[in-house]
Participant: 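Questions regarding the structure given below will be posed in turn.
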Amino acid sequence: MRFTLLTGAVLLVSAQANAAIEQQLTQCAGITDKLERLVCYDNLAASIQVTTVTNNTTAPIAVAPVVTPTAAPAAVATAAPVAAAAAATNIEDNFGMEVKRVQENTTDKIYLDVESIAEDAYGALKVTFTNGQVWKQTENRKFNLKVGEKVFIEKAALGSFLMGTESRNAKVRVKRLK
């Protein structure tokens, strides 16, 4: 019984909030000046907070005051606190940028000195470098290397890597073993 009353109250508040928002959107759409209309929409969007439901409690929905075409944008009071609005803006600005931040903090190309070279039964090179890394050739092409030679390994498409030398234009696809 209690849950039913709580659910009914939430639906009633939600319906009223939607009606108020629709009314404000209609008023913003009626403004003929482009800049004032944009300011009206921006103020409306900034003042709306999402309702959160946690442990059968609801947070109220903040609704922006109605903006009339003759009202100055500076005269509109915002319902949300400044700190909460700044935090929400920061979260929205950073959304989807996680991958870019990871890419910014990585290196695309490293230079290594060859310590030893081994060849498997299929002719693929297994190269050990002076820093302890071991890389194996994944392509069936011939690639000549000498012990002590300086090579580079760079990122390629789809998470793969290419190994090559500065002295020639040939590169071979490799994967890291160790």
Side-chain angles (χ1 to χ4, degrees), residues 10 14 17-18 21-22 24-25 28-29 34-35 37-59 61-64 78-178:
V10 168
S14 176
N18 277 345
I21 292 171
E22 288 177 9
Q24 291 174 355
L25 283 173
C28 287
K34 292 178 183 179
L35 183 59
R37 183 173 53 240
L38 178 62
V39 169
C40 179
Y41 283 134
D42 287 345
N43 290 336
L44 179 62
S47 65
I48 297 175
Q49 293 179 347
V50 179
T51 303
T52 58
V53 178
T54 6
N55 297 334
N56 293 333
T57 60
T58 61
I61 298 175
V63 179
T78 59
V82 174
T89 303
N90 190 22
I91 291 171
E92 290 173 358
D93 289 343
N94 293 328
F95 183 76
M97 296 297 290
E98 296 86 7
V99 174
K100 291 213 181 257
R101 263 189 235 99
V102 169
Q103 290 175 351
E104 289 173 359
N105 296 332
T106 61
T107 305
D108 291 335
K109 190 176 199 179
I110 59 172
Y111 290 89
L112 303 165
D113 293 319
V114 177
E115 184 176 292
S116 67
I117 302 170
E119 198 171 296
D120 69 1
Y122 300 105
L125 297 177
K126 184 177 174 184
V127 182
T128 305
F129 296 101
T130 54
N131 66 354
Q133 292 183 8
V134 179
W135 292 75
K136 182 178 179 179
Q137 178 181 355
T138 59
E139 295 178 326
N140 294 331
R141 302 182 335 174
K142 180 75 173 160
F143 190 77
N144 294 325
L145 270 182
K146 297 177 186 171
V147 175
E149 191 171 6
K150 189 171 194 80
V151 299
F152 64 84
I153 298 178
E154 64 184 1
K155 288 184 180 179
L158 302 173
S160 63
F161 297 92
L162 294 173
M163 179 173 62
T165 61
E166 295 291 337
S167 61
R168 60 180 186 247
N169 198 18
K171 296 178 189 174
V172 66
R173 200 163 303 278
V174 293
K175 69 176 182 177
R176 185 169 178 180
L177 300 177
K178 179 177 158 189

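Values in this document were obtained by computation on a predicted structure and should not be read as measured data.
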Participant: Which pair of heavy atoms, one from Ile21 and one from Leu44, lies closest together, and at what distance?
Facilitator: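 Taking Ile21 first and Leu44 second, the nearest heavy atoms are O-CD2, 4.4 Å.
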
Participant: State whether the side chain of Glu154 and the backbone N or O of Lys109 hold a donor-acceptor pair below 3.5 Å, judged by distance alone.
Facilitator: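 Not confirmed, Glu154 side chain does not pair with Lys109 backbone.
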
Participant: With heavy-atom distances below 4.5 Å as the criterion, would you say the side chains of Ile153 and Leu162 are in contact?
Facilitator: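 No; the side chains remain at least 4.5 Å from each other.
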
Participant: Looking at every heavy atom in both Arg37 and Cys28, which two are closest together, and how far apart are they?
Facilitator: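 It is CG-O, 3.2 Å.
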
Participant: Give me the atom names and distance for the closest heavy-atom approach of Lys150 to Thr165.
Facilitator: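 Residues Lys150 and Thr165, closest heavy atoms: O-CG2, 3.9 Å.
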
Participant: Just verifying a value: how many Å separate Gln24 CD and Cys40 SG, rounded to the nearest 0.5 Å?
Facilitator: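 Nearest 0.5 Å value for the CD-SG distance: 8.0 Å.
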
Participant: Would you say the side-chain atoms of Thr138 and Arg173 include a donor-acceptor pair closer than 3.5 Å?
Facilitator: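 No, no side-chain donor-acceptor contact under 3.5 Å.
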
Participant: Measure across Met163 and Val127 and return the closest heavy-atom pair with its distance rounded to 0.1 Å.
Facilitator: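 Between these two residues, the closest heavy atoms are CE-CG2, 4.1 Å.
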
Participant: Can you name the side-chain contact (heavy atoms from CB on, under 4.5 Å) partners of Thr130, sequence neighbours left out?
Facilitator: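 For Thr130 the side-chain contact (heavy atoms from CB on, under 4.5 Å) partners, ignoring immediate neighbours, are Asp113, Glu115.
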
Participant: Is there a side chain to side chain contact (heavy atoms under 4.5 Å, CB included) between Val151 and Tyr111 once you walk through the steps?
Facilitator: CA-CA 6 Å; Val151 299; Tyr111 290 89; over 6 Å; no

Participant: Does Leu177 reach the side chain of Trp135, with side-chain heavy atoms less than 4.5 Å apart?
Facilitator: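 When only atoms from C-beta onward are counted, Trp135 and Leu177 do not touch, as no gap falls below 4.5 Å.
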
Participant: Using a 6.0 Å cut-off, check whether atom NZ of Lys175 has over 12 heavy atoms from anything other than its own residue.
Facilitator: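 No, because the 6.0 Å sphere around NZ of Lys175 holds 12 heavy atoms or fewer from other groups.
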
Participant: If you define the side chain from C-beta out and look only at heavy atoms, does anything of Arg176 sit under 4.5 Å from Val134?
Facilitator: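 No, every pair of side-chain atoms sits at 4.5 Å or beyond.
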
Participant: Kindly state each residue pair satisfying ring-ring contact (aromatic ring centres under 6.0 Å, His included) with at least one member in residues 138-158, sequence neighbours excluded.
Facilitator: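 Counting only pairs at least two positions apart or across chains, no ring-ring contact (aromatic ring centres under 6.0 Å, His included) contact touches residues 138-158.
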
Participant: Once you round to the nearest 0.5 Å, how far does CD of Glu149 lie from CG of Leu112?
Facilitator: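 Nearest 0.5 Å value for the CD-CG distance: 12.5 Å.
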
Participant: Any chance you could measure Lys178, atom NZ, to Thr128, atom OG1, to the nearest 0.5 Å?
Facilitator: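 Rounded to the nearest 0.5 Å, the NZ-OG1 separation comes to 7.5 Å.
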
Participant: Tell me whether Asn131 at atom CG has more than 12 heavy atoms from other residues, nucleotides or ligands lying less than 6.0 Å away.
Facilitator: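 Buried by this count: over 12 neighbours within 6.0 Å.
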
Participant: Return each pair, listed once, that meets salt bridge (charged side-chain N to carboxylate O under 4.0 Å, His left out) where at least one residue sits in residues 122-138; pairs must be two or more places apart or across chains.
Facilitator: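 The answer is Asp120-Lys136.
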
